[in-house]
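Please read the structure below before turning to the comments.
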Amino acid sequence: MVTLQMKNGEERLYPAGTTFMQVAEDISSKLAQNAVAVVFNEKLTDLNAEIPGDGALEILTFEDERAQDVYRHTSSHILAQAVQKLWPGTKLAVGPAIDKGFYYDFDSEHKFTPEDFNKLEKEMKKIIQKNYPILRREISQAEAIELFTQRGEDYKLEFIEDLPEDTVISIYEQGDFIDLCAGPHLPSTSRIKAIKLMSLAGAYWRGDERNKMLQRVYGTSFPSKELLDDYLYKLEEAKKRDHRKLGRQLDLFVVLDEGPGFPFFLPKGMIIRNQLEKFWREEHEKAGYQEIRTPIILNRSLWERSGHWDHYKENMYFTSIDEQDFAIKPMNCPGTILVYRQNLHSYREFPLRIGEMGLVHRHELSGVLHGLMRVRAFTQDDAHIFMLPDQIIDEIKNVFAMVDLFYGIFDFSYHIELSTRPEKCMGSDEMWDMATDSLRQALEEKGVDYKVNEGDGAFYGPKIDFHLKDSLDRTWQCGTIQLDFSMPEIFDLTYIGEDGNRHRPVMIHRVIFGSIERFIGILTEHFAGAFPLWLAPVQVRIMPITERNHFYAEEIRQYLKDLNIRVDVDNRSEKIGYKIREGQMLKIPYMLVLGDNETENRNLSVRKRRDGDVGAQSLEDFVQLLQHEIKNKVIF
RNA sequence: GCCGAGCUAGCUCAAUGGUAGAGCAGCUGAUUUGUAAUCAGCAGGUUGCGGGUUCAAGUCCUGUGCUCGGCUCCA
């Protein structure tokens, strides 16, 4: 007999050889139906597995994220089985579960098109109906090599050969389909209740662009059609928040064929942008930053010295002036460094914080451009901080605090990544270790979770990145803190220390918004175009009922305008419903309906974007409400 | 850059290889309206761009630009 310690504290006894599935059945038939996998002694395991001994058991249903991965992973196997049935000879690469779905990469003579989806889905349903049991087998490396050689699975062989010898290799079988796979998996194929293929894409084998491009099929699956439909509906809703769509609908910004990757900001978009910059300047002044502006075009020799010429050339644009080579700046740091060198600096000035809203140009590959999120010209809310080595940790924490303040205002949640030394870089090992350790220490002291991206740092130093999500949960890097010992060295930057001698300062490069363009893209999707009052391009729209009320409307407009409220009047000869509909679609925060009643009583009928008609108010009360909301940057 | 799919009026979309159309927006007029669309009329196009096949091309072929979804890369 084995003893199982259940999640709820209960102990259960079973004869040796009992499977986890049987345990689930023993507890309740409903649980057995919904179970996806188990966690036995903290290890995710197949339901089909036999209890190996005493231990702690948790039975997972689809609600658990770990179970969702198992569910989608099995789905990807079903896809692969269907593909190999319909197009024999297709080679399997990888087929993992991903957030909200799965994919499988294939190497096939057949070129997949969306028209194949129907056929494939039908085949997958057949496999599901057949209810093949999914069996795990552990085999030796030699057996694995023989098996996959025989099946012509070159990519699987490459995996096997990379594994250390005498690793136990697991394979999963369902019907005539076999895949090299660590598992775990569902007990049988009929557990998949609703499955749908979503899209096709190319993907390099092992994510390396020097390798062959495989065909990737994306899909998703759920334990019921209702859950799938619900997911698809939410996806459609999320697409309505796409900043490219909203940017056009709300006349905020556009990207045109004439300027691929070079966005146009329209008058309403500029209001948002200017408000953000105003806020930025206020907060940076409070935090002890100075502001400068450096040229967009600078001489080649500067970029050679900074290392950009060697390390960043493929991302840069060039031009020539009077037969001399110039580069369009891809970063602001060299310009700031030239400013630093205009004076002799004392340690007493440190930390010296110099900000710049710098417009940079970078040549990005055409395939990566994406609305405002990924462009070829963008404005960084940059700042460079020059300081003493022992000021590093505190200063990084200061920047952290500012990131929290800025993102908190918009109710953004973010995740942090630490990027370490890349292959193509400059500076010594000691420099990099010191810089990376400082960043790590600041993160540890701050007590936040972070992910490490080995080899993803800037060429001059490691960095901490802050990532925000768009409407489809794709993440975009916004804020970043980069620690740099290299540039001060290269440009021979110095300060006069307490001892009267010259010393080398340390430098932080940092942005909070990241790029104003990207940040506005994220903001637009986050608020679905319904910007908080302080950012809204039109804050109040006045809607007179008839021409009789135009005079009063104009009086109110002028009053609000004098208080710097962004207000306009819709005095077209349309019915009030028409005007309101348009105001709602433009997501204007406040609408004032002014008819004979209001004119007579000298008050306002207020309509809020989210709440609809909230009744009559005095002008004074309304103004107070607006000013409070603007001042406190209230979000709903 | 690579793989795949697209590109038709300002916007969203129709149109077996056979006369390019609708809704919204715009303009003109009527209407003076009480919380998400008043009515009528007018105008709007080298179907991304270039070449080819055909009696005939928005539609088929080809080159190219851009967009979208991924991959790689990145703020």
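Not measured: the values here are computed from a predicted model. By convention in this document, chain letters (A, B, ...) are assigned in the order of the sequence lines, proteins followed by strands, and residues within each chain are numbered from 1.
- The ring of Tyr218(A) does not lie on top of the base of G70(B); it is either too far (5.5 Å or more) or too tilted (30° or more).
- Between the side chain of Glu598(A) and the base of G34(B), a donor-acceptor pair under 3.5 Å is found.
- Residue Gln584(A) is classed as a base contact, given a heavy-atom separation below 4.0 Å to a base.
- Closest to the side chain of Glu547(A), from the set A75(B), G4(B), U32(B), is U32(B).
- Across all strands, Gly595(A) comes closer than 4.0 Å to base atoms (heavy-atom distances).
- The gap from the P atom of U59(B) to that of U53(B) amounts to 15 Å, rounded to the nearest Å.
- One finds no salt bridge joining Glu158(A) and Lys212(A) here, because no Lys/Arg side-chain nitrogen approaches an Asp/Glu carboxylate oxygen to under 4.0 Å.
- Between Glu582(A) and Arg572(A), at least one side-chain N (NZ, or NE/NH1/NH2) sits under 4.0 Å from a carboxylate O, which counts as a salt bridge.
- Of the candidate nucleotides G70(B), U33(B), A75(B), U33(B) has the atom lying nearest to any side-chain atom of Ile545(A).
- Between Asp411(A) and His526(A) the shortest heavy-atom distance is O-CE1, 3.6 Å.
- Ring orientation note: the planes of Tyr414(A) and Phe466(A) are nearly perpendicular, at an angle over 60° on the 30°/60° scale.
- A donor N or O paired with an acceptor N or O is not found under 3.5 Å between the base of G70(B) and the side-chain atoms of Tyr204(A).
- As rounded to the nearest Å, C27(B) and U62(B) have P atoms that lie 44 Å from one another.
- At the heavy-atom level, Gly521(A) lies nowhere under 4.0 Å from the strands shown.
- Leu365(A) comes within 4.0 angstrom of a base, heavy atoms only.
- Contacts of Asp596(A) with the nucleic acid, taken as non-hydrogen atoms under 4.0 Å apart, include base atoms.
- Counting non-hydrogen atoms under 4.0 angstrom, Lys111(A) reaches the backbone sugars and phosphates but no base.
- Between the P atoms of A15(B) and U8(B), the separation comes to 14 Å (whole Å).
- Residue contacts shown for Tyr578(A) are limited to sugar-phosphate atoms, with no base heavy atom under 4.0 Å away.
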Taking Watson-Crick and G-U wobble pairs with both distances under 3.5 Å, convert RNA chain B into its dot-bracket string, 5' to 3', dots for unpaired and | for cross-strand pairs.
(((((((..((((....[..)))).(((((.......))))).....(((((..]....))))))))))))....
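- Thr546(A) contributes no side-chain N or O that forms a donor-acceptor pair with the base of U33(B) under 3.5 Å.
- With U38(B), C3(B), A75(B) as the candidates, the nucleotide lying closest to the side chain of Glu574(A) is U38(B).
- Within 4.0 Å (heavy atoms only), Leu256(A) reaches no atom of the nucleic acid at all.
- Base engagement by Val368(A) is indicated by at least one non-hydrogen atom pair under 4.0 Å involving a base atom.
- Closest heavy-atom contact between Lys579(A) and Pro544(A): NZ-O, 2.9 Å.
- Rounded to the nearest Å, the gap between the C1' atom of U47(B) and that of C42(B) is 24 Å.
- One N or O donor and one acceptor, one from the side chain of Arg374(A) and one from the base of C73(B), sit under 3.5 Å apart.
- Among the atoms of the strands shown, only primed sugar atoms or phosphate atoms (P, OP1, OP2) are found under 4.0 Å from some heavy atom of Arg216(A).
- At the heavy-atom level, Arg474(A) lies under 4.0 Å from the strands shown only through sugar-phosphate atoms.
- Side chain of Arg244(A), nearest nucleotide from A75(B), C74(B), C68(B): C68(B).
- One finds no salt bridge joining Lys234(A) and Glu237(A) here, because no Lys/Arg side-chain nitrogen approaches an Asp/Glu carboxylate oxygen to under 4.0 Å.
- Phe106(A) and Phe112(A) have tilted rings, their planes meeting at an angle from 30° to 60° on a 0 to 90° scale.
- Ranking C3(B), G26(B), C74(B) by closeness to the Arg572(A) side chain, first place goes to G26(B).
- Residue contacts for Asp613(A): at a heavy-atom cut-off of 4.0 Å it reaches a base atom on one of the strands shown.
- Listed nucleotides G4(B), C66(B), U35(B) differ in distance to Asp257(A); the shortest reach to its side chain belongs to C66(B).
- Between U31(B) and A40(B), the two P atoms lie 16 Å apart (nearest whole Å).
- A9(B) and A5(B) have their C1' atoms separated by 24 Å, given to the nearest Å.
- Note on ring orientation: taking the six-membered ring where Trp is involved, the planes of His361(A) and Phe262(A) are tilted (angle from 30° to 60°).
- Arg206(A) forms a cation-pi arrangement with Phe159(A), by the criterion of a distance under 6.0 Å to the ring centre and an angle within 45° of the ring axis.
- Base engagement by Ala201(A) is indicated by at least one non-hydrogen atom pair under 4.0 Å involving a base atom.
- Within 4.0 Å of Gly367(A), counting heavy atoms only, lies at least one base atom of the nucleic acid.
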